[in-house]
Amino acid sequence: MESRFLYLAIFGGNVLLIYRQDTTRTVLGTGQFVSDGQLHLIQLDMATSRVSMQIDGVYFEETSATLSTPYLTFSTGANLTLGGVPEGFDLPAEAPVRESLLGGMTTIAINGLYDQLSFINALASEGLSLAGIPAPPSSPPAIPVTDAATPLDTCPVVPQVARLALDQGFVLDGSQVVSWTQLAPTDNPVSYIEGGFNLAVNLALYKADGVLLYIADSLNTPNNYFTVYFLDSAINVKMRSSLQEDITVSLGHKFISGERYSVVILRINDYIAITLGAQGEFANSNKDQETASTLTIDFARSLYIGGLGSNDLSSSPLPTELKEAGKTNFAGAIYSAVLSNNPESNTAIIFPIGSLDRSTAPAVPQNVRYGVSLTGGEINSYLGLGTVATAQSMRIEIGLTTSSASGLIFLLSQTTPTVYFMAVDLHQNELRLHLPATFTGLTAPAMLTLDDQANICDSQPHTVNILIADGVVTTTVDGGVRSRQTIPVSHAVNIMNAAQFFVAGISGAKPEYLPETVQAGSLTACITSVSREFGSVSQTYDPTQYASSSNGLAFGCPH
């Protein structure tokens, strides 16, 4: 390769100049946006030891001398190409843009000599037309892209959420706990718990972890207790009776659809069984039903639905995971709960839905997706997934619905030991990738349009998959490949050992290191799933388990 070159390009809409004289390479970035369809005048001056540039009269110059001789010269055999390069011509490795220019040129001159560069005198050209006449079509390259749906002119109005009648159920949002005992003191629900009982609950889960039911003989360090809880979206029953054995029964089914389930819990002494309605799944404690035991609990104690109420969390018998911030309380819909004091008895009490405060226990939406709803708009909302280590090859897949035309899809960023980031955003329904420069002396970030008609702001479920491998980014939306693009060497992906991972927004104000072009605002969205593969490390996230590191979210996505 020649030891000296001069390279002028449009990069990220801005003018970029790179040149090399012998072993010295220099980059002059302007930040002057010219990709607006308007006529612009660019002038280069290489007659001194500093290269300067004017764009529409705005002057840019290196701060110090960069040429080892007074000016940049080329031999008479040097090649000059405009708007692109012929097939087989190798651009220098420093060149971030390798595609041909889409646009036109009206005047080109060297040292004021216009005739030398007449278009008519071009030695070779391809895809060139004069006087605004479109070039004839050439053989189109194979495009590894699936056609998108009909482009959206605007994002549709979000439809109103329909809800069931008030007497058909209620929603607990993960912060509310209700006392069955206080709502129906004359029913004395604790008396049904003392001996054998049957509990039938119709419910839908909106959050992976949380206590559905809790009763204990003491606020602190109880000796007798009975609790039903969800952990990693699976239902569990834990009990200690007069026999003083801690018993746990777990059903492996994952309640992650947002659908309605019928759960029946049976207790006969220390025999406990869980049955999942239509699915027919079943688990039990394998204890002898004939060995007598009781739950010795004062009838004045409260039977709580949705959490522990006034009971002490730290000394409770709950698993350690449920004692973490944001994980203790149940979030979901309860359509009905019926408690009878033995399996064959006709004596039963029904949870008094009509006695609830409906401002804190609203009606149930007719349709709900499992996941987290993010407020977006003027509210700073985001899903924070903690710290991760990235790799040269990465895949991130996000399941979501959104009504926003613009906002952040995800951000990976670190500030130490060096600042680096990778951001994918949505701007007027376009998916875009933003990367910082990695070449020394180059500061202008790169922005690659991944999908110019993403069509995901229709409040319908979509899956966005971003794969980066071997210097190429592949974008897939709803199973269809939308683009494959080479990442410029000048903006190659760097490894981050401790990157913060945010989805649909960021914590706090937009950091200064993010380019102005990045849409860092929060999406109004439902995040149903997130998964990643960074090198050989893969992880699937349940968004509902990251409330403590997130903001502006609610469990469940009514639609």
Side-chain angles (χ1 to χ4, degrees), residues 140-156 158-159 233 254 256-259 367-374 383 385 390-412 422-434 448-487 493 501 503-504 519 523-544 557 559:
I143 302 176
V145 175
T146 56
D147 291 335
T150 303
L152 296 173
D153 293 329
T154 59
C155 300
V158 180
S233 72
K254 297 289 187 178
I256 55 175
S257 64
E259 298 176 353
N367 300 293
V368 180
R369 295 185 180 95
Y370 182 88
V372 293
S373 297
L374 295 167
L383 179 64
L385 298 178
T390 66
Q392 290 292 345
S393 63
M394 294 187 289
R395 181 192 65 82
I396 294 177
E397 183 172 288
I398 299 174
L400 79 165
T401 70
T402 183
S403 59
S404 299
S406 300
L408 188 70
I409 299 295
F410 73 81
L411 172 68
L412 289 163
M422 175 190 298
V424 170
D425 68 356
L426 187 66
H427 176 62
Q428 297 303 318
N429 214 23
E430 288 187 355
L431 279 174
R432 310 181 306 178
L433 171 66
H434 303 262
L448 303 179
T449 299
L450 305 178
D451 188 355
D452 61 359
Q453 293 180 355
N455 287 353
I456 63 172
C457 67
D458 56 1
S459 301
Q460 298 300 310
H462 295 286
T463 302
V464 176
N465 186 302
I466 307 297
L467 171 65
I468 295 176
D470 300 323
V472 175
V473 54
T474 302
T475 304
T476 304
V477 178
D478 299 334
V481 177
R482 298 296 179 87
S483 69
R484 291 189 181 97
Q485 299 186 52
T486 300
I487 297 173
V493 172
F501 190 9
V503 172
Q519 298 292 309
L523 288 178
T524 298
C526 165
I527 308 299
T528 58
S529 63
V530 180
S531 64
R532 67 176 177 95
E533 294 176 9
F534 291 174
S536 60
V537 178
S538 61
Q539 183 173 359
T540 298
Y541 297 87
D542 184 321
T544 71
C557 304
H559 63 97

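Position 1 is the first residue of the sequence, and the numbers go up from there. Values below: every heavy atom of this structure, side chains too, minus hydrogens, waters and symmetry copies.
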Let me see the working for V530 and F501 under side chain to side chain contact (heavy atoms under 4.5 Å, CB included), right down to the final yes or no. CA-CA 11 Å; V530 180; F501 190 9; 4.3 Å; yes
Measure the spacing between CG of L467 and CZ of R484 and express it to the nearest 0.5 Å. 9.0 Å
To the nearest 0.5 angstrom, please state how far the CD1 atom of I466 sits from the CE atom of M422. 10.0 Å
Less than 4.5 Å apart, side chain to side chain, heavy atoms only: is that true for R395 and S531? yes
Any sub-3.5 Å donor-acceptor pair from S459's side-chain atoms to V158's backbone N or O? no
Please name the residue in the list D425, D451, D452 that meets the side chain to side chain donor-acceptor pair (under 3.5 Å) test with R432. D425
Apply side chain to side chain donor-acceptor pair (under 3.5 Å) to R532 and list each qualifying residue two or more places apart in sequence or on a separate chain. Q539, Y541
Write down the atom of I256, the atom of Y370, and the distance for their closest heavy-atom approach. O-CB, 3.1 Å
Atom CD in Q460, atom CG in N455: separation rounded to 0.5 Å? 12.5 Å
Go through V493 and M394 one step at a time and tell me if the side chain to side chain contact (heavy atoms under 4.5 Å, CB included) criterion holds. CA-CA 10 Å; V493 172; M394 294 187 289; 3.9 Å; yes
Could you tell me which non-hydrogen atom of P543 sits nearest to which non-hydrogen atom of I527, and how far apart they are? CG-O, 3.7 Å
With a cut-off of 3.5 Å and sequence neighbours excluded, list every side-chain donor-acceptor pair involving residues 400-409.
from, atom 1, to, atom 2, distance (Å)
T402, OG1, S404, N, 3.0
T402, OG1, T524, O, 2.8
S404, OG, T524, N, 2.9
S406, OG, Q428, N, 2.9

What distance separates I456 CD1 from L426 CG, expressed to the nearest 0.5 Å? 5.0 Å
Side chain to side chain contact (heavy atoms under 4.5 Å, CB included), paired with Q485, selected from T474, L450, V472, T475: L450
To the nearest 0.5 Å, how far apart are CZ in F410 and CD1 in I396? 3.5 Å
Of all heavy-atom pairs linking P156 and C457, the shortest is CD-O, 3.6 Å
